[in-house]
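Note on naming: letters A, B, ... go to the chains in the order of the sequence lines (proteins, then strands), and numbering restarts at 1 for each one.
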Amino acid sequence: VVTNYRRSRTKFTDDQLKILIDAFNQKPYPGYATKQRLALEINTEEARHRFQKKPECEEVSESSQSHGQGHPGKENQREARRSRTCYSATQLHTLIQAFTKDPYPGIECREQLAKEIGVPESRVQTWFQNRRSRYYTKKQKREPDESLEQNQGQDIRESKVSIEGTQNGANLSSDPLISLKPER
DNA sequence: CCCCTAACCTATTCATAAG
DNA sequence: CTTATGAATAGGTTAGGGG
C-alpha cells in the first residue's frame with residue numbers, strides 16, 4: 001500500500017553540507033536566485049564525486065530571472081522570492097481533478113502531474129499544500145464562537161483510492177469547474 | 001533495533017496578478 | 001482598493017536507511 005509515497009531520502013555528502021551550512025551562516029533567508037545557485041553548486045559537486053545518478057535537477061528553465069533590485073535607500077532588503085506561477089485554466093483543471101481524487105498525492109503522482117502540466121514538481125506540491133489549507137482542512141475563521149463546526153474532521157488522511165485510474169486523453173471541452181467555495 | 005534527519009505536514013503570513 | 005491564490009516561514013510529525 002502506498003508504496004513510494006515519499007521521494008527517496010537524499011544523502012548529502014560532506015562537501016554539500018559544507019556548502020549549505022556556509023551559505024546558511026551568511027544568509028539564513030536566501031531568495032530564489034540564491035537557492036538556484038546553491039542547487040547548481042551542490043549538483044555539480046555531486047556530479048564531480050559520483051558519476052551521475054540523477055540528471056534530474058531543478059527546473060532552471062522557467063521564465064527569465066531579472067531581479068531589478070533598485071532600492072537605494074533600503075540596503076538590507078529581503079531577497080526576491082520565486083516569481084508567482086500563473087496557472088492556465090487547463091492546468092488548474094488537471095490539478096483540481098487530481099485533488100478531488102487524492103488530496104495527498106505521493107511523489108510519483110506529483111511527478112506525473114508536473115510533467116503533464118509542464119511545471120516543476122515543487123510547484124505541484126505547493127499547490128496542493130495551499131489547496132488543502134484553504135479548501136480541505138477545516139479552516140478556522142476569526143470569529144470566536146458562532147461558527148458551528150459540523151463533523152467532518154476526521155479520517156481525512158487515509159483516502160487511499162488507487163490513483164492512476166485516470167484515462168488520459170479524455171480532454172473534455174468543458175468548463176474549468178473551479179467550484180468548491182469555502183463559504184464565508 | 002535505534003537514532004538521525006530528510007521529507008512531509010499544517011497554520012499563518014507575505015506577495016502579487018486579476019478584477 | 002479588494003480578492004484569490006502562489007510562495008515563504010515556523011514548527012511539529014513521519015519514516016527511510018545507516019550504524
Could you check which of B/dC14, C/dT14, B/dC9 has an atom nearest any side-chain atom of A/R6? C/dT14

Closest to the A/Y29 side chain, choosing from B/dA7, B/dT10, C/dA10: C/dA10

Identify which nucleotide among B/dT5, C/dG6, B/dC9 has an atom closest to any side-chain atom of A/L92, counting heavy atoms from C-beta outward. C/dG6

Determine whether any donor atom in the side chain of A/R81 lies under 3.5 Å from an acceptor atom in the base of B/dC14, or the reverse, and answer yes or no. yes

By nearest-heavy-atom nucleotide on DNA chain C, the more 5' of A/N130 and A/R9 is A/N130

Base, sugar-phosphate or nothing for A/Q129? Non-hydrogen atoms, less than 4.0 Å. base

Side chain of A/R110 - closest among C/dA8, B/dC8, B/dA17: B/dC8

Measuring from the side chain of A/R132 (C-beta onward, heavy atoms only), which nucleotide among B/dT10, B/dT5, B/dC14 has the closest atom? B/dT10

Is any side-chain heavy atom of A/F128 closer than 4.5 Å to one of A/L113? yes

Taking only the side-chain heavy atoms of A/R134 (C-beta and beyond), determine which of B/dC9, C/dT5, C/dA15 contains the nearest atom. C/dT5

Whole angstroms only, please: what is the OH-P distance between A/Y87 and B/dT16? 17 Å

Closest to the side chain of A/K35, out of C/dG6, B/dT10, C/dT9, is C/dT9

Report the distance from atom CH2 of A/W127 to atom P of C/dA7, rounded to the nearest whole Å. 12 Å

Rounded distance (Å) that lies between atom C1' of C/dG6 and atom CD of A/E121: 16 Å

Which nucleotide in B/dC9, B/dA7, C/dA4 has an atom nearest any side-chain atom of A/R84: C/dA4

Separation of C/dT5 atom P from A/R82 atom CZ, nearest Å, is 20 Å

Hey, which sits more toward the 5' end of DNA chain B by its nearest nucleotide, A/L17 or A/P105? A/L17

A/T94 and A/E116: side chain donor to acceptor below 3.5 Å: no

Among the nucleotides B/dC8, B/dA17, C/dA7, whichever has the atom closest to the side chain of A/C86 is B/dA17

So how far is it from A/E121 CD to A/E111 CD, rounded to the nearest 0.5 Å? 5.0 Å

Face-on cation placement of A/R132 at A/Y136 ring, 6.0 Å and 45° thresholds: no

Starting from P on B/dA15, measure out to CZ on A/R78 and report it in whole angstrom. 8 Å

